[in-house]
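Quick notes on the structure that follows.
Worth saying up front: this structure is predicted, and the values here are computed from it rather than measured. So that the names make sense, note that chain A is the first sequence line, chain B the second, and so on, each numbered from 1.
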Number of protein chains: 2
Amino acid sequence: MSSGLIADLQPVEAASALVRKLGALCLMSEEEIAFMEGLQNNVLEAEKGQDFIEDGADFRTTFVVLNGWAIRYCLLPSGRRQILSYALPGDILGLHVNFRAKATYSAAALTRVRLAAVDPRRMLEISQKYPILAAGLSWCTAREFAILGDQAVRLGRLGAQQRLAHLLLELWHRLELIGKNEGDLLDMPMTQTDLADTLGLSLVHINRSLMGLRKKGLVTLHRDSIRLNNIDALSAMAEFNPEHLAEFSI
Amino acid sequence: MSSGLIADLQPVEAASALVRKLGALCLMSEEEIAFMEGLQNNVLEAEKGQDFIEDGADFRTTFVVLNGWAIRYCLLPSGRRQILSYALPGDILGLHVNFRAKATYSAAALTRVRLAAVDPRRMLEISQKYPILAAGLSWCTAREFAILGDQAVRLGRLGAQQRLAHLLLELWHRLELIGKNEGDLLDMPMTQTDLADTLGLSLVHINRSLMGLRKKGLVTLHRDSIRLNNIDALSAMAEFNPEHLAEFSI
DNA sequence: CGGCCAATTGATTAAACTCAATCTGCGTGG
DNA sequence: CCACGCAGATTGAGTTTAATCAATTGGCCG
């Protein structure tokens, strides 16, 4: 990934996940980096399980995930829940809240989460002052669409084991970009109930599908993580297309 | 919807669907309207069935649908197809193509379609020159996310008849905003195979689910259209939330 | 040591898929 | 004008996948 000489010389360990993510895409000036870091000064914390965006409620704040995981989800009148996507460090929730006064989804902390609350008008400011950053945010938007599109593909056209493998691969690739994987070991803060509500399956069936992947030797289950033993085989069986998350463009 | 006195006095029949859509959201100046109309001067036509965006291919053009319907879809290696969303007149495809050089989905004409091809740099120009329009486009983006989120809800957590009813209601509300419905009669240019690939079901099951809705008296089927006999009952049974497509904000 | 949340397992039911025909409306060529 | 062909819609029958109901187990924290 970031094996350019110059990149290796820069001290990046202090950068926020968002700046790291954008930095993987384009070369930012010191001023641009400083502006993006400055955006993330207003820090909130959400406890595990706590909602911080509510479907139908007024919604006039943009959030940047600093660390921890969150979920975007919808609750139906019947009580069923559909998780739409996972928000990982560096992800932005509510980048496009301007006119629409009401949220169209809820968001909750999956782990304890640190969030930066940003006035959406400052995001508009970016478009005017920092064209490179604006293009970077536009790329983030396109990527979110691709991720949600892949979620629809999983739900609509994959079998249970495929859905699981496909989701695991998506999360692995996304965490890889922000440097949060340890080799093929994937952090798994979500419960099997969460997986069921993500993949449109029942809890029981998720459990059996996980067992199926384990018995095939494709994954090894641990307490709060999962090892992807054969990423190529998993990608093939899940019909996973990593280009949708392409980490390099230009 | 648009029952303001001033709006009623304006001659809007010549406006493009995109301008009508944005006009339902915010009051645009003559200059802004002229700019948006000017954007759509480079017109292409796609025949029914013709692809005009291909997953994985270079993608550096933004398209505005002028009339007709298109689909966004993904093809899997197994040959299965998942339709992600329908693009109706006034919808924008590839608003966020800037950095990402490759498309993450394909798009095809569902009917004969007239498209405006726009240089994405002109979209960036909007952010700098026309803040109202920029906010309007941002709203379009948020709406696209809500539509795709609803698609995930359908696929993940609704039964077959619910999925159908939910999709019909979405399309009806979206067409209503651009003034393309005749009462409760909904245009239906897609085949049952298309519906199957949209809703993650088999062709046979789509047919039986449509029959089910018909037998309940909720819809009346015609050749190329469908009548929604009881929108309230349909909304209730499909757990449909029209607020996700909210036609008025501010 | 309980109590609780999450994971696991078994047994049965229900939803949706597949395979295989058949039917229908419509355009085309004879 | 009609037979033919084709795409799309419809129906039947049997199979598969996943849901539901119902316990049971395992770990962890107070």
Output all residues satisfying side chain to side chain contact (heavy atoms under 4.5 Å, CB included) with [X], sequence neighbours left out; order by chain, then residue number.
X      : answer
A:D194 : A:R81, A:I83, A:Y86, A:L110, A:M190, A:T191
B:R114 : B:V43, B:E45, B:L66, B:N67
B:T61  : B:F63, B:A117
A:L76  : A:S78, A:R80, B:V153, B:R157, B:L158, B:E239

Could you list, one pair per line, each protein nitrogen or oxygen that sits under 3.5 Å from a nitrogen or oxygen of nucleotides 15-25 of chain D, together with the distance?
from	atom 1	to	atom 2	distance (Å)
D:dA18	OP1	A:A160	N	3.1
D:dA18	OP2	A:H205	NE2	3.1
D:dA18	O5'	A:H205	NE2	3.2
D:dA19	OP1	A:S202	N	3.1
D:dA19	OP2	A:S202	N	2.9
D:dA19	OP2	A:S202	OG	2.9

Original post:
Sequence neighbours excluded, which residues qualify as salt bridge (charged side-chain N to carboxylate O under 4.0 Å, His left out) partners of A:D91?
Top reply: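 With neighbours one apart ignored, the set is A:K21, A:R174.
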
Original post:
Which residues satisfy the salt bridge (charged side-chain N to carboxylate O under 4.0 Å, His left out) test with A:D184, sequence neighbours excluded?
Top reply: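 Per chain and number, A:D184 pairs via salt bridge (charged side-chain N to carboxylate O under 4.0 Å, His left out) with A:R227.
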
Pairs of donor and acceptor atoms involving the side chains of residues 209-219 of chain B, under 3.5 Å and at least two apart or interchain, shall be tabulated with distances.
from	atom 1	to	atom 2	distance (Å)
B:S209	OG	B:H205	O	2.7
B:K216	NZ	B:Q161	OE1	2.8

**OP:** Not counting sequence neighbours, list each pair that qualifies as a salt bridge (Lys or Arg N to Asp or Glu O under 4.0 Å) and has a residue in residues 64-75 of chain A.
**Re:**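 Of all non-adjacent pairs touching residues 64-75 of chain A, none passes salt bridge (Lys or Arg N to Asp or Glu O under 4.0 Å).
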
**OP:** Consider only side-chain N and O atoms of B:D55 and B:T104, and report whether a donor and an acceptor are under 3.5 Å apart.
**Re:**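 There is no such pair between these side chains.
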
**OP:** Using the heavy-atom set of chain B and a strict 4.0 Å cut-off, write down the first and last nucleotide of DNA chain C that makes it in, 5' to 3'.
**Re:**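 Reading along DNA chain C, I get C:dA16 to C:dC26.
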
Subject >> For A:D224, side chain to side chain donor-acceptor pair (under 3.5 Å) partners two or more places apart >> reply: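 Once residues adjacent in sequence are excluded, A:D224 has no partner under the side chain to side chain donor-acceptor pair (under 3.5 Å) criterion.
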
Original post:
In whole angstroms, how far is the C1' atom of D:dG8 from the CG atom of B:D197?
Top reply: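 It works out to 14 Å between those atoms.
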
Original post:
When the distance from CG of B:L110 to P of D:dG8 is rounded to whole Å, what number comes out?
Top reply: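 Result: 11 Å.
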
Subject >> Axial bend angle, the helix from C:dC1-D:dG30 to C:dG30-D:dC1: five-pair end segments, nearest 10° >> reply: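 Inter-axis angle at the ends, rounded: 30°.
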
